[in-house]
Q: 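Below is the structure I would like to discuss, written out as structure tokens.
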Number of protein chains: 4
Amino acid sequence: MDARERILSTTLAVLARDGYSKLTIGGVAAEARVGKATIYRSWPNKPALVLDAVREELPAIPNEDTGDSNAELISVAHALADLYCSQKIRVALPALMADVADDSGLRSFLTENLIDGRKATSYQVLARAVERGVLPEDTDISLILDCWAGAILFRSLFFEENLDEDTVRRMVEATVASPPRLPAA
Amino acid sequence: MDARERILSTTLAVLARDGYSKLTIGGVAAEARVGKATIYRSWPNKPALVLDAVREELPAIPNEDTGDSNAELISVAHALADLYCSQKIRVALPALMADVADDSGLRSFLTENLIDGRKATSYQVLARAVERGVLPEDTDISLILDCWAGAILFRSLFFEENLDEDTVRRMVEATVASPPRLPAA
Amino acid sequence: MDARERILSTTLAVLARDGYSKLTIGGVAAEARVGKATIYRSWPNKPALVLDAVREELPAIPNEDTGDSNAELISVAHALADLYCSQKIRVALPALMADVADDSGLRSFLTENLIDGRKATSYQVLARAVERGVLPEDTDISLILDCWAGAILFRSLFFEENLDEDTVRRMVEATVASPPRLPAA
Amino acid sequence: MDARERILSTTLAVLARDGYSKLTIGGVAAEARVGKATIYRSWPNKPALVLDAVREELPAIPNEDTGDSNAELISVAHALADLYCSQKIRVALPALMADVADDSGLRSFLTENLIDGRKATSYQVLARAVERGVLPEDTDISLILDCWAGAILFRSLFFEENLDEDTVRRMVEATVASPPRLPAA
DNA sequence: AAGTAAACGAGACGGTACGTCGTGTCTTCCG
DNA sequence: CGGAAGACACGACGTACCGTCTCGTTTACTT
């Protein structure tokens with residue numbers, strides 16, 4: 001087990017045990033039996049380290065073409081819920097968002113790694129639904145996705161409440177019944 | 001101008017000028033020509049101070065009964081957008097959410113002060129729309145509000161993008177055309 | 001029991017209980033059920049207060065003319081030992097000496113109140129011994145007194161050791177046998 | 001020039017310039033371009049730091065066997081005078097004595113470092129005088145030394161007066177003529 | 001007896017120093 | 001010779017007292 005692995009897994013362990021604010025580069029180094037410099041050689045600061053540690057093994061968005069767009073849409077929404085309600089994300093994301101405020105490089109890194117890929121995948125699923133006529137031509141796909149993700153994240157952040165399966169389904173059904181449209185161009 | 005006022009207004013000024021992470025209790029104290037102890041006498045820590053400073057003069061949710069529920073719904077959504085896109089909130093909210101993670105007392109203080117009141121007011125407006133038949137009896141009002149707020153906040157946080165007037169309108173229209181329903185009970 | 005008395009006796013009590021360094025004006029005020037300003041109205045600072053509190057009821061130097069100068073000299077030396085080994089003095093004097101270093105007004109107040117009077121009295125006793133021929137005409141009385149007081153204080157300060165009765169007697173006897181002389185003029 | 005040296009020499013400089021009471025750990029750190037933690041890593045508090053800084057380069061007690069015990073005794077007394085009247089000691093010792101009152105560990109450190117060694121050396125010189133018959137067999141050497149040191153220190157502390165050469169000589173002569181004896185055992 | 005002034009308790013206030021902690025850089029020394 | 005160990009400069013933390021300053025509220029003296 002090389003240093004990098006030990007550092008990342010220790011980071012996750014400390015994060016889960018002590019939370020983000022009590023996680024310290026020095027603390028992780030000590031616990032991973034690693035010199036601080038070894039950490040700083042690979043990551044410029046705490047949010048970068050945490051982001052790197054958290055990034056992996058998060059739920060992905062399913063993009064299998066099953067022929068049944070309704071089912072696909074629901075599983076996309078579920079995947080979003082799984083993502084934003086995962087323990088790692090709940091513990092680290094708010095703090096990362098905050099720490100990242102001073103560092104636009106890190107900000108885009110975060111957005112690209114956690115958000116953009118999943119949004120692109122989700123977009124493909126919804127675009128397929130449009131092609132199939134399940135959603136109208138002028139559907140504002142991006143807005144739908146942000147509503148879904150936003151609702152999920154919002155409840156997670158402020159109410160410590162995860163969207164349950166049924167609620168996700170009702171939200172998706174309502175959206176499908178009448179999705180937001182793109183501007184008239 | 002007494003100490004409390006001087007502290008709060010200095011806090012807002014520093015927040016706007018330097019951002020949350022560079023705001024320091026000692027710095028605010030010095031700039032407000034106040035002893036640090038005077039701040040600590042009234043607020044236990046930085047997030048509490050910032051929250052208190054930020055809390056005031058944020059846009060409220062309009063709740064006038066105009067007879068036109070469609071217009072009312074749109075102005076509620078606009079008010080939410082104004083809230084979550086206000087400079088104060090954008091600068092402070094992510095950091096507050098993060099700092100608050102270790103302190104459930106502060107967490108509920110934040111939720112109660114920034115969220116709950118506005119959600120309750122918004123709820124009344126939507127409930128009126130239900131009474132008038134603009135929205136169906138079994139509308140999941142709370143879910144609608146969290147979708148709206150979530151979408152707005154999500155774009156603000158990750159894309160530094162504020163929902164423009166037209167987008168808000170399209171989102172509301174889609175919701176009204178087919179709102180999410182409450183579970184079958 | 002008026003304020004002044006309450007303050008002084010509380011000061012002595014705190015001094016005995018907590019030592020000089022842990023004695024604070026605010027603490028004395030609280031314990032004496034007195035406002036801090038009431039203390040500051042009468043004493044400019046902590047050493048002044050403590051000095052005032054300590055000053056009273058300290059052993060005086062006996063100056064009775066008994067006809068037996070040898071006995072008188074020994075009781076003077078004993079009185080010095082009693083003074084510098086008294087609990088009040090041991091607790092407060094070093095700290096007073098230190099605090100007083102920045103304030104020459106207070107320094108002379110201390111010297112005058114604690115030292116000068118006793119030294120003058122002691123001087124009289126030794127001068128009487130000179131008159132009687134127990135000590136030679138050119139005895140350096142002042143140097144004798146400073147040797148005695150110095151030895152006592154020195155042992156008290158550095159060795160936490162009080163000069164016992166026998167040691168005092170032997171010191172005095174040696175001095176009487178061959179006292180230091182004044183410079184040849 | 002490493003940190004330790006820089007700290008100690010800065011401490012001495014500040015001590016001489018500003019006095020003990022205005023010497024601050026933070027101030028020394030800033031002036032020595034050193035972090036406060038670096039000081040606290042090596043010294044637990046201000047008196048320990050000052051004691052360590054002051055300890056070096058203080059006059060030592062001469063212990064050369066010249067064959068002339070009278071001259072040796074006088075130079076011992078002179079060395080004591082040089083010690084207790086040295087600027088470093090005058091500035092720091094009273095405050096050290098005071099601060100040390102709460103910390104018996106530091107107290108013994110002080111005593112051992114400043115006093116005991118010199119007293120032991122002085123003792124040897126006087127013991128040699130006893131061997132040579134300059135002083136009687138049953139001389140209370142320790143009491144002599146404490147008288148000398150005490151007189152010197154006493155005048156330095158309370159009268160800001162240093163024992164001049166002649167006075168030291170007269171004090172020593174008187175002592176030699178009739179030293180205090182040990183208890184009859 | 002009422003009115004007024006002084007002294008008082010309580011404690012907020014601006015400041016200064018404290019001693020601790022974490023950061024990110026740098027050096028030392030061991031395997 | 002790469003990496004652990006940790007010293008280092010820096011700066012914020014939250015606490016404790018300082019000495020000053022308002023506040024009301026007793027007291028106790030004047031009228």
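What's counted below: heavy atoms across the whole structure, side chains too, no hydrogens, waters or symmetry copies. Reminder, nothing fancy here: chain letters follow the sequence lines and each chain counts from 1.
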Q: Can you name the residues that form a side chain to side chain donor-acceptor pair (under 3.5 Å) with Asn45(B), not counting sequence neighbours?
A: none
Q: Over how many whole Å does the gap from Ile39(B) atom CD1 to dG14(E) atom P extend?
A: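 These atoms are roughly 9 Å apart.
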Q: Who are the side chain to side chain donor-acceptor pair (under 3.5 Å) partners of Asp103(D), not counting sequence neighbours?
A: none
Q: Listed by chain and number, what are the side-chain contact (heavy atoms from CB on, under 4.5 Å) partners of Ala95(C), not counting sequence neighbours?
A: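 Here the qualifying residues are Tyr20(C), Ala98(D).
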Q: Identify, with sequence neighbours excluded, every residue that meets side chain to side chain donor-acceptor pair (under 3.5 Å) alongside Arg33(B).
A: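 Partners of Arg33(B) by the side chain to side chain donor-acceptor pair (under 3.5 Å) criterion come out as none, since no residue qualifies.
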Q: Listed by chain and number, what are the ring pair (Phe, Tyr, Trp, His ring centres under 6.0 Å) partners of Phe109(A), not counting sequence neighbours?
A: none
Q: Distance alone, cut at 3.5 Å: any donor-acceptor contact between the side chains of Ser21(A) and Asp102(B)?
A: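 Yes.
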Q: Pick the nucleotide of DNA chain E nearest each of Ala32(B) and Gly35(C); which residue has the one closer to the 5' end?
A: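 Its nearest nucleotide lies further toward 5', so the answer is Gly35(C).
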Q: Using a 4.0 Å cut-off on protein heavy atoms (strictly under), produce a 5'-to-3' string for nucleotides 23-31 of chain E with B for base contact, S for backbone-only sugar-phosphate contact, and - for none.
A: BBBB-----
Q: Over how many whole Å does the gap from Asp102(D) atom CG to dC18(E) atom C1' extend?
A: 15 Å
Q: With Arg90(A), which residues qualify under side-chain contact (heavy atoms from CB on, under 4.5 Å), at least two apart?
A: Ser156(A), Glu160(A), Asn162(A)
Q: Answer yes or no: is there an ion pair linking Asp99(C) with Arg107(C), defined by an N-O contact shorter than 4.0 Å?
A: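 No salt bridge links Asp99(C) with Arg107(C).
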Q: By nearest heavy atom, map Thr38(D) and Val34(A) onto DNA chain F; which one lands nearer the 5' end?
A: Val34(A)
Q: Ignoring backbone atoms, test whether Arg41(B) places a side-chain nitrogen or oxygen under 4.0 Å from the OP1 or OP2 oxygen of dG11(E).
A: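 For dG11(E), OP1/OP2 do not have a side-chain N/O of Arg41(B) under 4.0 Å.
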Q: Would you indicate, yes or no, if dG9(E) has its OP1 or OP2 atom less than 4.0 angstrom from a side-chain nitrogen or oxygen of Arg6(C)?
A: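 Looking at the OP1 and OP2 atoms of dG9(E), one of them is under 4.0 Å from a side-chain N or O of Arg6(C).
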Q: Only counting residues at least two apart or in another chain, list the ones meeting side-chain contact (heavy atoms from CB on, under 4.5 Å) with Leu157(A).
A: Pro94(A), Leu153(A), Met97(B)
Q: Using the side-chain hydrogen bond (donor to acceptor under 3.5 Å, both in side chains) rule, collect all pairs that involve residues 22-31 of chain B, keeping only residues at least two apart or in two chains.
A: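 Passing the test, one end in residues 22-31 of chain B: Arg17(B)-Glu31(B).
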Q: On DNA chain F, reading 5' to 3', which nucleotide is the first and which the last to sit with an atom under 4.0 Å from a heavy atom of chain B, could you check?
A: dA12(F) to dT15(F)
Q: Does any residue of residues 47-56 of chain A have a heavy atom under 4.0 Å from DNA chain E, and if so, which ones, in number order?
A: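 Residues of residues 47-56 of chain A that come under 4.0 Å of DNA chain E do not exist, since none gets that close.
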Q: Does Arg41(D) have any salt bridge (Lys or Arg N to Asp or Glu O under 4.0 Å) partners at least two apart in sequence or in another chain, and if so, which?
A: none
Q: Rounding to a whole Å, what distance do you find between Arg4(B):CZ and dG14(E):P?
A: 14 Å
